[in-house]
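Structure record follows, encoded as structure tokens.
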Number of protein chains: 2
Amino acid sequence: MSPDTFNTSKEILSYKDKIIPMLKNLLETEMKEYIQLISLKKNDFLVREGEVCHYYYFVLEGILRNYYIKDGTEITTNFDFPNDIAANFTSLVLQQKSIGYIQAMTPCKIYRMKASDFDEIKAQNPLMQQIKEILVSGYVILLEERLYSMQFRTAAERYHFMLERYPHFLQQIPLTYIASYLGISLETLSRIRAK
Amino acid sequence: MSPDTFNTSKEILSYKDKIIPMLKNLLETEMKEYIQLISLKKNDFLVREGEVCHYYYFVLEGILRNYYIKDGTEITTNFDFPNDIAANFTSLVLQQKSIGYIQAMTPCKIYRMKASDFDEIKAQNPLMQQIKEILVSGYVILLEERLYSMQFRTAAERYHFMLERYPHFLQQIPLTYIASYLGISLETLSRIRAK
DNA sequence: GGGCACATTTGACATATGTCAAATAAAAAC
DNA sequence: GTTTTTATTTGACATATGTCAAATGTGCCC
């Protein structure tokens, strides 16, 4: 497939439906030799504070939580569901020690690929190059959205936005973690929900 | 120069010092035919709400402010200084109408390049491909940092963090805009500063 | 099914931050 | 230099959210 196969703009909007299944398929066929399937039990760690993250992870089953510890309190930064790419971006890209953890909230099945292998493949394979670009662009758009949401929305607005955008969060994630993810206390979240 | 010239991790940390001058040089030589130099007067707009952003901008001189309007109030999301790349990422990548403005706070000189031209060059030129990757990665790291900062830091902590990281902001940007950028009211910022 | 751990809600109060209005201070215009 | 505009500070008070403690609810283990 040529590098011009995609119109990036269109693809990002639907990357969950198209790019991710394509990537999964590539991982399971052409790239088979570069990936390992790993299993996690509930509460196992994928990444720990102080470690350098060397892998990209592709979540097949289960839910993971990204968090770090500030003044003894866990700050939840993200959740990874099936078909999400999990990684500590900063640690991976800068090859710095991670300041956070990625922990399994449920039993998980995950493909992992060494970042160095991925980079090599990418240099030879324009399609993989483009897939990465689309995924990273999608991540930037998501981060901007979350950032501006934190900057000017009230706690209640952020909660309702999350409900609309990620209704599955509520069914599968304890409120303590959701509160932390939204940047509010558990009690405030509970009161918002009471209305 | 081959695509393996860079070790991405190292380069991101110093991209302001190395990658940006290199990019500027490329723009002024090899890519000369693809760029235009534009001048803005104070308060001119580079991007307006409702327009689709078709260009990447490279700031040569001057300062710009990115903001959008929510319920009649301006929310400042970013500032662009010389040697920054300015663009509305979401609008550019998704080819959607921009929800925000980019406005000159001072007279500006700026190179612009059509995103479509850039994409073509990039497909032929591994170095440009890599430069883009480094710049986008740097942007992701910055966004994550800002997001987590908004999520758990107090207004005072965010202000002091900004002071440390971007001391030039304070010298050149009115406090109203800094307050909005930090997600706090002008009065609160003033009180934080009073201490 | 009773008991235990964990999750969620509720209440009372503390604190951070916002809002509105006015007072200064600083900058720009004339 | 004086006036006018804009930026910043300050005060008084309102509101949102946090904190601590206790009560209630829920699922799980034996």
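Letters A, B, ... are given to chains in the order of the sequence lines, protein chains preceding strands, and every chain is numbered from 1. Because the structure is a prediction, the values reported are computed rather than measured.
Contacts between residues 154-176 of chain B and DNA chain C, counted as heavy-atom distances below 4.0 Å, involve B:T154, B:A155. Taking every heavy atom of residues 186-195 of chain B and every atom of DNA chain C, pairs under 4.0 Å involve B:E187, B:T188, B:R191, by number.
Residues passing the salt bridge (Lys or Arg N to Asp or Glu O under 4.0 Å) test with B:D117, sequence neighbours excluded: none. Residues satisfying the ring-ring contact (aromatic ring centres under 6.0 Å, His included) criterion with A:Y68, sequence neighbours excluded, are B:F152. Applying the ring-ring contact (aromatic ring centres under 6.0 Å, His included) rule to B:Y181 yields the partners B:F79, B:F169; only residues at least two apart in sequence or on another chain are considered. Listed by chain and residue number, B:E157 satisfy the salt bridge (Lys or Arg N to Asp or Glu O under 4.0 Å) test with A:K70 (two or more places apart in sequence, or in another chain).
Between the side chain of A:S137 and the backbone N or O of A:E133, at least one donor-acceptor pair lies under 3.5 Å. The backbone N or O of B:K122 lies less than 3.5 Å from no partner atom in the side chain of B:N125, so there is not a single donor-acceptor pair. Put simply, the side chain of A:S91 gets close to the backbone of A:Q96: a donor and an acceptor are under 3.5 Å apart. With B:E51 contributing its side chain and B:R48 its backbone, the two residues share a donor-acceptor pair below 3.5 Å.
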Exercise. Reading nucleotides 22-30 of chain C from the 5' end, what letters show protein touch, with B for base, S for backbone sugar-phosphate only, - for no heavy atom under 4.0 Å?
Worked result: ---------
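Scanning both residues, B:N88 and B:C53, for their nearest heavy atoms gives N-SG, 3.8 Å.
Note: the hydrophobic cluster containing B:Y56 also contains B:L135 (ILVMFWY, side chain heavy atoms under 4.5 Å, direct or indirect links).
Taking the ring centre of B:Y57 as origin, the terminal cationic atom of B:R112 falls outside the region bounded by 6.0 Å and 45° from the ring axis.
Within the structure, the side-chain hydrogen bond (donor to acceptor under 3.5 Å, both in side chains) test picks out the following pairs touching residues 138-153 of chain B (sequence neighbours left out): A:T90-B:E144, A:Y139-B:E144, A:E144-B:Y139, B:E145-B:R165.
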Do any side-chain atoms of residues 23-35 of chain B form donor-acceptor pairs under 3.5 angstrom with protein atoms, and if so which ones, sequence neighbours left out?
{"residue": "B:E28", "atom": "OE2", "partner": "B:Y111", "partner atom": "OH", "Å": "2.6"}
{"residue": "B:T29", "atom": "OG1", "partner": "B:N25", "partner atom": "O", "Å": "2.9"}

Donor-acceptor pairs are to be reported for all side-chain atoms of residues 60-67 of chain B against protein atoms at under 3.5 Å, with residues two or more places apart or in another chain.
{"residue": "B:R65", "atom": "NH1", "partner": "B:E74", "partner atom": "OE1", "Å": "3.2"}
{"residue": "B:R65", "atom": "NH1", "partner": "B:T76", "partner atom": "OG1", "Å": "2.9"}
{"residue": "B:R65", "atom": "NH2", "partner": "B:E74", "partner atom": "OE1", "Å": "2.8"}
{"residue": "B:Y67", "atom": "OH", "partner": "B:Q103", "partner atom": "OE1", "Å": "3.3"}

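The end-to-end axis angle of the helix from C:dG1-D:dC30 to C:dC30-D:dG1, rounded to 10 degrees and based on five pairs per end, is 40°.
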Problem set entry | Derivation and outcome, side-chain contact (heavy atoms from CB on, under 4.5 Å), residues B:F58 and B:N83 | CA-CA 7 Å; B:F58 185 104; B:N83 289 328; 3.8 Å; yes
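Taking every nucleotide of DNA chain D with any atom under 4.0 Å from a non-hydrogen atom of chain B, the first and last of them, 5' to 3', are D:dT8 to D:dA12.
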